[in-house]
Every structure is written in C-alpha cells, then in structure tokens.
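What you see is a predicted model, and the numbers here were worked out from it, not measured in a lab.
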Protein chains: 2
Amino acid sequence: MAAAPRTRIQNEKREIILDAALDVFSAHGFRGSTIDQIADAAGMSKPNLLYYFRRKEDIHEALLSRLLEAWLAPLRAIESTGDPLTEIRGYIRRKLEMSRDYPRESRLFANEMLQGAPRVMPMLEGELRRLVDEKAAVIRSWIRAGRIAETDPYHLIFSLWATTQHYADFDVQVRAVLGPERGGDQRFEDAARFLEQLFVGALTPAGK
Amino acid sequence: MAAAPRTRIQNEKREIILDAALDVFSAHGFRGSTIDQIADAAGMSKPNLLYYFRRKEDIHEALLSRLLEAWLAPLRAIESTGDPLTEIRGYIRRKLEMSRDYPRESRLFANEMLQGAPRVMPMLEGELRRLVDEKAAVIRSWIRAGRIAETDPYHLIFSLWATTQHYADFDVQVRAVLGPERGGDQRFEDAARFLEQLFVGALTPAGK
DNA sequence: CGCAAATTTGACCGGTTGGACAAACGTTAG
DNA sequence: CTAACGTTTGTCCAACCGGTCAAATTTGCG
C-alpha cells in the first residue's frame, strides 16, 4: 500500500472540491448530481476537477468515508461509568451541535439511507451494529441498576438519532413552520431544552 | 375547468405508472430518476409512458399533490376536545402506521425536504404552518389546563414527526442495527410501545 | 363485422453527462 | 536558466436523457 504523495496544491484543491461536492451531493443525491455542478461550485473546469478525482464516485466515496468517522464519534463518547441522565443529555447536545454545524453531512447520510444504503450497508451491519449493541448493553445495565426507567434501548437510540438529525435533514420544514421570527438561531437552543426535558422526563426512574 | 375524460385503460395505466414512479422517485429523488427507469418498473416503453404523462415533472407533481393530502390528515385528526394523552398516543399510532404501510411516500417527502422543498415550499409556509399553529394552540390550552406538563408545542410536534417517520426514512439502518431476528414486523409494535412510553412519560403532569 | 378512437411501438433528435486526451501553461529544484 | 514535473484548459466522444412523431396495432362501439 504505497501512500500517494500529495503536493500542497493537491491538498488544497481536493479540499475545495470536497466542500463543493458536499453542497451538491447533500442536496441532490449521487445520481442527481453532476460533475459540472460540482466543478462550477468549486470554481474550476470539469477536466481540472477530474485531475484531482478520477471519477465522480471517488468524490462521493471520499465524502462518505470521512463522514462515517464523525458519525459514530458522539455515540462512542457515551461512557458506562458516567451518570446516565448526564450522558444522555450530553449525547443530545453533541448530536444537536452536529445538526447545527454540519447539516450537509447529515443530509448526505440521509440521502444514502433513502437510497437504501447501497454504499454503506457493510458499515451499518458491521461497525454500527456492534457499537449500538454495546451501548444498548450499557443502557440495559443502567436500567438493571434502577438508575433510569425501564425502556427499549434500541428504540431509545433511534429516537435520539431521529429527533436530533431532524433539525438538519428537515431544516426547511422546521424553519417554514416556525416562521422568520421563531426560526432564527435560537431554535437549536429551544430544541435542546425540549429534547432534554423529553428524554429526561421519560427516563427518570419512578422512585425519584 | 373542463375535466379531462379518462378511459378505463387510462385510469389503470396511470395508476401503474404512479406506483412505479413512487418506487423510483422515493429512492433517487427527482433529478436522480429517469423516465426509462420508471417505464421499466411500470412494464412499458418510454413513449408509451409519455402518452399518459406528457412530462416527467407531471408524474412527480401528481405524486406530491396526492401525498400532501394524506400527509396532513393525521395531524388534523387531533381533537382539542379529547383526552390529551389519548390524542397524542393516537397520533403516534397513526403516523407509525403510515411509516409501516406507506414508507415510499414518506421517503418521497423526505427527499423533497433534503432538496430544500423546491416544489412544496408554498404549502409548508401556508397550509402546514397554519395547521401546526392551530394544533400548537390546542397543546398550549392543554398545558394551561394542567392536563399535560409544560412543554414547547412546536418542538413536541417536530419530535413526533421525527421519531415516527424515522422508521420509514431510515428503515435500512433500523433493520441493519436490529438484525434479522429483531428487525421483523414486530419492530413497529416495539416502536409504538417505546414512543408511547417516551411521550406519555414526559408529558404526564407532575401531579399525577 | 367494420370503423373511429385509443393505445403502443420504433426510430429519431437535440442537449446533457461522465470521462479521455493531448496540448498548453506554471512551478520549482538543481 | 532550464528541464522535469505538476496543473489547467479546449476539444472530443460515446452513452444517456427527456421528449417528439408518424406509423402500426388494439380496443370499444354501433
């Protein structure tokens, strides 16, 4: 495996291309995007772009593999040794920050899911599944210890994903419904407050 | 407005085309789908398909307008006169049934959102926004009457949408994580149980 | 049946798309 | 300075795409 040596310009231009491609792919999906669109957005000619990435799919692949790393990080950060409700609140906050700061990445992932995950299926069935199994076991141990209410750990995780990613993937809808006055930047703070209340409220054990 | 008279064959074939197009559009989005793909899936030649729908966009438009009606119905069905927690449980059940029985429609809508809602923006800012405002007022009246806990009605609605639609839009991921044994049909029953617990648990007023 | 209207098909068209290629242009290290 | 290497561009191509059209076929009705 000889590592391809990269020049300074190569590193810069590849970064510009990936950023432009993220715009395009996250909005139109792989098939719905064209190399010309990406080249335009990157401010270069199509042949020039193809000098840095030989095929359209190479760009998409680079984006996805980079995304998947960042995708699992917040879940991995949940510690079995911490206070359960604090850990979950922290997870909500991290995922919500990702929706606010990296909405295009979230939409790229959503696009991949809608298409049936043709390119990331092995990762879903492998790495992701193992990680979720592991964290589900942690949640179950919290339940057994009476530190959170009895609940289905898998569907709890799905709900955390769904509610937080919603603010990136369905951003247009959220903003349209809230209107200009309530749809400003503070919608993420409102969401954080609401979601912490929702999950903490439902997970606080009956005793307390 | 002269209603275009339709023959029996026209009604049947248009239905077949719309069904095939729903398959294709919901997986690849508008730009990522081709007339040939749809014609193939519908079992007819491209010119034949274009005899029933003159333009690709006409098919997409027909699907969307049909979808939007069904989309608002469950929310509309929430009655201010009913028992709050029963109404919300019913809403969860109806939305979850839609995710189970009409996942392609959900994905078509999700695709439209990811693309920035170019074709349904007026509906989001008009009809949808008005309806959500109306139901948010209902929820607020429940809160004022002390029948459910204090909460943000808009983000509550977003969470209900997100959690229920997740089982259609991210179906691949849900099935991959649950695996073959737990990812069978009963995942919707498990989800219903979990979500009712989640929202009822968080919304039950402090007194009770 | 027999005929008009509805349906289906194959051939075709102009524009777009992903990608190849060689020539021109820049950069940089000796 | 200059040769070698890295970068950029214009041109080109075959496949694909949305859509047209006229001819052929089928259907429904008196």
Side-chain angles (χ1 to χ4, degrees), chain A residues 2-65 108 111-112 115 118-119, chain B residues 2-65 108 111-112 115 118-119:
Chain A
R6 300 254 166 82
T7 69
R8 175 184 56 89
I9 293 185
Q10 262 164 17
N11 283 327
E12 290 171 5
K13 292 295 174 80
R14 284 175 67 97
E15 219 49 50
I16 291 173
I17 291 169
L18 288 175
D19 187 73
L22 186 52
D23 267 348
V24 179
F25 281 138
S26 67
H28 304 291
F30 181 75
R31 288 226 46 207
S33 304
T34 72
I35 298 181
D36 282 296
Q37 275 178 301
I38 298 170
D40 262 15
M44 63 182 74
S45 67
K46 183 170 62 169
N48 195 186
L49 182 147
L50 285 166
Y51 170 72
Y52 294 103
F53 290 92
R54 296 245 287 277
R55 296 174 309 144
K56 178 186 174 184
E57 210 176 321
D58 291 346
I59 310 174
H60 195 250
E61 212 175 288
L63 281 175
L64 269 187
S65 75
L108 183 71
N111 251 306
E112 181 68 12
Q115 285 159 37
R119 299 155 210 272
Chain B
R6 299 252 167 82
T7 68
R8 175 185 55 87
I9 292 183
Q10 263 164 17
N11 284 326
E12 289 171 5
K13 291 296 173 76
R14 283 175 67 97
E15 218 49 50
I16 292 173
I17 291 169
L18 287 175
D19 188 73
L22 186 52
D23 268 348
V24 179
F25 281 137
S26 68
H28 303 290
F30 181 75
R31 286 225 47 207
S33 305
T34 71
I35 298 183
D36 280 294
Q37 275 177 302
I38 299 170
D40 262 14
M44 62 181 76
S45 66
K46 180 170 62 168
N48 195 186
L49 181 148
L50 286 166
Y51 171 72
Y52 293 103
F53 290 90
R54 296 245 287 276
R55 296 175 307 144
K56 179 187 174 184
E57 211 176 318
D58 291 346
I59 310 175
H60 195 251
E61 211 176 288
L63 282 175
L64 268 188
S65 74
L108 182 71
N111 251 305
E112 181 69 11
Q115 284 158 38
R119 298 153 210 275

Integer-rounded Å distance: C:dT7 P and B:Ile16 CD1: 13 Å
Whole-Å distance separating the CZ atom of B:Arg31 from the P atom of C:dT17: 6 Å
Smallest separation among heavy atoms of A:Ser26 and A:Asn111, with atom names: O-ND2, 3.1 Å
Distance (rounded to the nearest 0.5 Å) between B:Ile59 CD1 and B:Leu50 CG: 7.0 Å
Side-chain heavy atoms of B:Glu15 within contact of B:Tyr52, under 4.5 Å: no
Nearest-Å distance for atom pair CG/P, residues B:Leu50 and C:dC12: 19 Å
Reported CD-to-CZ distance for the pair B:Glu112 and B:Arg119, which is rounded to 0.5 angstrom: 6.0 Å
Rounded distance (Å) that lies between atom P of C:dC21 and atom CZ of A:Arg54: 11 Å
Ring geometry between A:Phe30 and A:Phe25 (parallel below 30°, tilted from 30 to 60°, perpendicular above 60°): parallel
Rounded interatomic separation in angstrom, taking CG from B:Asp36 and P from D:dG18: 7 Å
Nearest-0.5 Å distance, CD1 of residue A:Ile17 to CG of residue A:Asn48: 7.0 Å
Straight-line distance of B:Lys56 NZ to B:Lys46 NZ, nearest 0.5 Å: 11.0 Å
Approximate separation, where rounding is to 0.5 Å, of A:Asp23 CG and A:His28 NE2: 9.0 Å
Please write out each protein N/O paired with an N/O of nucleotides 12-14 of chain D under 3.5 Å, distance rounded to 0.1 Å.
none

Step-by-step side-chain contact (heavy atoms from CB on, under 4.5 Å) determination, B:Leu18 to B:Phe53: CA-CA 10 Å; B:Leu18 287 175; B:Phe53 290 90; 3.9 Å; yes
Rounded distance (Å) that lies between atom C1' of D:dG28 and atom CD of B:Glu12: 14 Å
B:Ile17 CD1 to C:dT7 P, straight-line distance once rounded to whole Å: 11 Å
d(CG, B:Asp40; P, D:dG18) in whole Å: 12 Å
Side chain of A:Lys56 - closest among D:dT9, D:dT20, C:dG18: C:dG18
Pairwise N/O distances under 3.5 Å, protein to nucleotides 4-7 of chain D:
residue, atom, partner, partner atom, Å
D:dT7, OP1, A:Thr7, OG1, 2.6
D:dT7, OP2, A:Gln10, NE2, 2.6
D:dT7, OP2, A:Tyr51, OH, 3.0

Phosphate-side-chain proximity, A:Ser45 and D:dT8, N/O vs OP1/OP2 below 4.0 Å: no
Candidate nucleotides C:dC21, C:dG10, C:dT17, ranked by approach to the side chain of B:Pro47 - the nearest: C:dG10
Candidate nucleotides C:dT17, D:dG19, D:dC21, ranked by approach to the side chain of B:Ile35 - the nearest: D:dG19
